[in-house]
Every structure is written in structure tokens, then in C-alpha cells.
Protein chains: 2
Amino acid sequence: MTSLAEENYLKAIYKLHEKNGSMVTTSALAETLGINAASVTDFIKKIAAKKLISYQKSKGVTLTDKGRLMAINIIRKHRLWEVWLVNNLGFKWDEVHDIAEQLEHVVSDELIENLDKHLGYPKADPHGDLIPDAKGRFAKNTSKPLTECNPGDKVKFTGVADHSIAFLQYLTKSNIKLGDEINIEAVETYDNSFQVKINKKETKLLSKEVVKNLLVVQA
Amino acid sequence: MTSLAEENYLKAIYKLHEKNGSMVTTSALAETLGINAASVTDFIKKIAAKKLISYQKSKGVTLTDKGRLMAINIIRKHRLWEVWLVNNLGFKWDEVHDIAEQLEHVVSDELIENLDKHLGYPKADPHGDLIPDAKGRFAKNTSKPLTECNPGDKVKFTGVADHSIAFLQYLTKSNIKLGDEINIEAVETYDNSFQVKINKKETKLLSKEVVKNLLVVQA
DNA sequence: ATACATAATTAGGCTCACCTAATTTTATTT
DNA sequence: AAATAAAATTAGGTGAGCCTAATTATGTAT
């Protein structure tokens, strides 16, 4: 059997690996899970014994194929639920994380496949994060931070690098939505802010902090 | 905070009270929850201390107003999820119980209100059980077992008294569905079986066991 | 290479929700 | 009313998943 704690550890290891690459440390896990490092050491020994992670003492952990598949499956469920919450239940994109965090642990393969079908097999969640298929395969991600673009580029806003409620609400308030077309008019070299035109209408000035958290694809 | 175990105890106490009236015994709770009677004694002391039940040592327990409201709220969530699973996700009425049993514990008042709205404020779940409103109020239940009806009566099938998968599948196989019109043609006094006509078409013979588990209202 | 700071682990302990076995209470039968 | 059966409780114990404090390992600066 796979417990709630186990699922949360696997998901956290997966996400930390995505973000930082290589090995995931005990302290990084303790930090993201909000628990004590000593507790993490205890727990990773258990899931290492179950072959869900490989554990190098005092160095860190990586997911095994089995563990990675389980982690991806939880992420798949989380993102499908987020789609449902936004598209069908009328939630905003900044309101769904905590609810999806609970729903992702509901156990029923049939439920998830029916949900996926019901939603029309969505490719991405409300924040633009890709949704893996039932076998754990992701579509190729072609997006990059807006910071890597140059004046004159025409791009499409496809995702966020910062999932905080604060950032999501900032974008909502600024009337910037997933799918919007962004034309880069100028880049200020002094502070790296971007002057952009949204959907060929509004011109906006975006700070460096904002620009680095906007993921886009070439239009 | 209210734990999974606590919610399951409250729900079990509520349902046992509905079924048997008066006080709910330790052994009845142990039986329905599938745990040891000693464990039940332990736990009911804890929730009695939280004023969710009133506990008379060696006699049994009853829900307080607070505990009853919590129990009804869990039932409300369970039934709303069942409606969603059947109406929106394409599940059969005999497939939804275990999934709803998990979903009912997801905590978010806003989620449940949005779900209720999304479903069009349904009055009953796929088995005909009434869905209480957000304040815990049930509509008046006018149904009774088909056994209480007589030859010549025209009734509508509105619910089941037995929620077992076996009974639900028997009805599906027999092509008897919620909302069907039932005309009672004859009652066999020897074995209390009913000869009925379903939706003015098929004539069927229903055993005493089946008849007592069909809930109907006068048409 | 040594000292020091930081990270990880070990040891021992806690709470929750369960368990078994033994005992006590309640209800039923004679 | 006493004997017996059934139900409930008490006592003591377990594993999961967390904790703190103490110890050990690792990496960095001198």
C-alpha cells in the first residue's frame, strides 16, 4: 500500500529534481515538506527499502523508475483536477492548488481515466504545466522564460514559472492570461524590464521579476 | 482539526442511528467500521470529550447537534460526489460508493458549494437518497417500501433500501431504474412475491426480498 | 592539513488509531 | 436470585510518521 506521506515524498523528490537537477538532499526535502530533517532521514530509508528511490547515505536521493512513475502519476492527477476545478467548477487559477492537493490522493485509476476523457484529454493545466498521459509520458515542452526573448519577438504566453498566489493574482489584475500574444517592443538595459504589447492592444511595462516567471513559445 | 477516522465514526453513528433508532452501541460501531470494540471505546471517549457525541458508559452513544451536523455534511458531500460520478463521469450506480467514500473527505466548503451548483442542486443521489442542503436540512421523505403497497397501486420507484452492489446489479440486469413507474398487478400470499408491470410494458415477478428493498412513492 | 560551519544521521520519545488479552458490566436464562 | 452469555471496558502493546537533542559526516575556508 502507498500512503499519503509516501505520495507527498515522491512528489516532492520529483519536483526538487526537476528544479535543481541531480540528487535531492535531506534538507531540501525537509524544507519543502515542512518537516524535520531527522524525520526525512527515517522516511527515505523506508521508501528506499521499497525501491521507490535510491538513497546514498549523507548524499541524497533520486527516484527509481518505479518511484518516478508514481510521482508523475500523482502530478497527472493533480493537474487534471486543477483543469476540472477551473473549467467546470468556476474556480480561479489561484484558488485550485490546495484543493487539488487533496484530490490528487484519491485512488481510482478508472476515475482518473474518466476524468481525463470528461475534460477532453487536456494537454496542460490552468497554469500551463503539461499533463502527462496515463503511461507517464510528457509532451515535449517548447516554452522558455520571456527573459530569453528579444525586442521584436512575437510570442505566446503559455505558462508560469512562479506558481505563487501572489504572482497569479498579479497577472489576473494586470489582465494577462494564458494564451495571450506578447509582442516585445523594448528591453530596458538598466533594470532588464520589458515593454510589451498584449494581444496587440495594451502596452505594459513588466519588471525583470515578472518577465522571468512568464513562460512563452515563439508565435 | 477533524481527522478521517473522526469523520468515519460520526457518519457510522449517524447511519446506525437512522437504521436502528435510539443509542448506538460499541459493538455495532465496531462491526460497521470493521475495527475492534476496544478501539471503538477508546475513540468514542475522545470525540465525546470534543462534544461531538454524548456517551453513556457501557450503554452507547448519540450524536450531539454539532456531531450530527458534521455527519450530515459528510453525507451531503458523499451524495453530491456520487451524482457527479454518475451524471458527469459516466459511472454506473453500483460503481461509485468506494470513490465517493474517498472524495467525501476532501475539505473545502467552496468546492462543495460549487459542485452543488454545477450539478444543478440535485435533490437525490443516484440511489435515490436525499441530499441535505448546506445547512444540513433534508427534504421530507415520502417514500416507503413497495411491500407496503397493494394490488392496483400505481407507484414510482424512487430509491433503494439495500445499497449492495449485488442488489443494484440485479436491478440493472432486470432493467429496473430509478423513476420507473410500477403498477402492482397481484401479490402472491404464499411467498409475498409481487407481480408488477414496469413502465406499462414489461410484467415482472419480484420476490419478497426485492420488494422490501424497493422504495416508492404514490404516483 | 586543520578548523569550522553546515548537513545528515542516530537515539530516544511522542501521538494517533489501531490491536489482543483480561476484566468488568449488563442482559438473559434457569 | 444465581448462573451464564454477551457486550463493554481496561490494561498494555504496536507501527506510522512525526519530534528534539546529540552525534557524525561533509564541504569550505584558512
Side-chain angles (χ1 to χ4, degrees), chain A residues 1-14 16-17 19-63 67 70-71 74 101-102 104-105 107, chain B residues 1-14 16-17 19-63 67 70-71 74 101-102 104-105 107:
Chain A
M1 275 299 83
T2 143
S3 71
L4 185 67
E6 191 172 290
E7 295 197 337
N8 286 333
Y9 271 86
L10 293 175
K11 191 177 55 155
I13 294 167
Y14 181 87
L16 286 168
H17 181 79
K19 199 167 66 152
N20 310 322
S22 78
M23 220 146 233
V24 175
T25 62
T26 301
S27 50
L29 270 175
E31 167 78 27
T32 52
L33 293 170
I35 60 184
N36 191 281
S39 310
V40 172
T41 301
D42 275 357
F43 203 89
I44 61 184
K45 283 186 203 165
K46 288 182 200 165
I47 55 177
K50 294 172 84 171
K51 311 272 189 200
L52 301 177
I53 58 174
S54 78
Y55 170 40
Q56 279 184 258
K57 198 164 148 176
S58 290
K59 291 283 168 49
V61 299
T62 53
L63 291 169
M70 286 175 64
I74 297 158
E101 200 90 324
Q102 297 179 68
E104 73 189 10
H105 299 293
V107 177
Chain B
M1 275 297 88
T2 143
S3 72
L4 185 66
E6 190 172 290
E7 295 197 337
N8 285 333
Y9 271 84
L10 293 176
K11 191 176 55 155
I13 294 167
Y14 181 88
L16 286 168
H17 181 78
K19 200 166 65 149
N20 309 323
S22 77
M23 221 147 231
V24 175
T25 63
T26 300
S27 51
L29 269 175
E31 167 78 26
T32 52
L33 293 170
I35 60 185
N36 191 281
S39 310
V40 172
T41 301
D42 274 359
F43 204 89
I44 62 183
K45 283 186 204 165
K46 288 183 199 165
I47 54 176
K50 293 172 84 172
K51 310 273 189 200
L52 302 177
I53 58 175
S54 77
Y55 170 39
Q56 278 184 258
K57 197 165 152 178
S58 290
K59 291 283 166 48
V61 300
T62 53
L63 292 169
M70 287 175 64
I74 298 158
E101 201 89 323
Q102 296 180 67
E104 73 188 11
H105 300 292
V107 177

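To find a chain, count down the sequence lines: A is the first, B the second, and so on, and within it residues start at 1.
Note that CD of A:Gln56 is 11.5 Å distant from CD1 of A:Ile44, once rounded to the nearest 0.5 Å. Residue B:Met23 holds its CE atom at 13.5 Å from CG of B:Leu16, rounded to the nearest 0.5 Å.
We find that OH of B:Tyr55 is positioned 9 Å from P of D:dA8, with the value rounded to whole Å. Per the geometry, CG belonging to B:Leu29 stands 11 Å off P belonging to D:dT9, to the nearest Å. For the pair A:Met23 CE and D:dT26 C1', the interatomic distance rounds to 14 Å; values are reported in whole Å. A straight line from CG of B:Leu4 to C1' of C:dT15 spans 17 Å, rounded to a whole angstrom. For the pair B:Lys57 NZ and C:dT23 C1', the interatomic distance rounds to 12 Å; values are reported in whole Å. Rounded to a whole Å, the CD1 atom of B:Ile35 is 14 Å from the C1' atom of C:dT20. One interatomic measurement links the two molecules: OH of A:Tyr9 to P of D:dG17, which rounds to 9 Å at whole-angstrom precision. At whole-Å resolution of the value, CG in B:Asn36 and P in D:dG13 are 17 Å apart.
Taking only side-chain atoms of A:Ala5, from C-beta outward, the nucleotide of D:dC18, D:dA21, C:dC18 with the closest atom is D:dC18. Comparing C:dA27, C:dT20, D:dC18 by their nearest atom to the side chain of B:Lys59 picks out C:dA27.
Taking 4.5 Å as the limit, some side-chain heavy atom of A:His105 sits within range of a side-chain heavy atom of A:Asn8. Annotation: side chain of B:Thr26 is not in contact with side chain of B:Phe43 (no heavy-atom distance under 4.5 Å). Residues B:Glu6 and B:Lys50 have side chains in contact (heavy-atom distance under 4.5 Å, counting atoms from C-beta outward). Residues A:Leu10 and A:Ile53 form a side-chain contact, since some pair of their non-hydrogen atoms from C-beta on lies under 4.5 Å apart.
Between A:Ala71 and A:Tyr14 the shortest heavy-atom distance is CB-CB, 3.7 Å. B:Tyr9 approaches B:Leu29 most closely through the heavy-atom pair O-CD2, 4.3 Å. The heavy-atom pair separating B:Ser22 from B:His17 by the smallest distance is O-ND1, 2.7 Å. Of all heavy-atom pairs between A:Asn36 and A:Ala30, the closest is C-CB, 4.0 Å.
Place A:Gly34 and B:Thr41 on DNA chain D by their nearest nucleotides, and B:Thr41 ends up nearer the 5' end.
Exactly one of A:Leu52, A:Leu33, A:Val24 qualifies for a side-chain contact (heavy atoms from CB on, under 4.5 Å) with A:Ile13. That residue is A:Val24.
Axis angle across the helix from C:dA1-D:dT30 to C:dT30-D:dA1, with five pairs used at each end and values rounded to 10°: 0°.
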Could you go through nucleotides 3-7 of chain D and list every protein N or O atom that sits under 3.5 Å from one of its N or O atoms, giving the distance for each pair?
none

Under the side-chain contact (heavy atoms from CB on, under 4.5 Å) rule, what do B:Lys11 and B:Glu104 come out as? Steps first, then yes or no, please. CA-CA 11 Å; B:Lys11 191 176 55 155; B:Glu104 73 188 11; 2.7 Å; yes
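For DNA chain D, the neighbouring residues in residues 42-54 of chain B, judged by any heavy atom under 4.0 Å, are B:Lys45.
Between B:Ser39 and C:dC19 there is a side-chain N or O to OP1 or OP2 distance below 4.0 Å.
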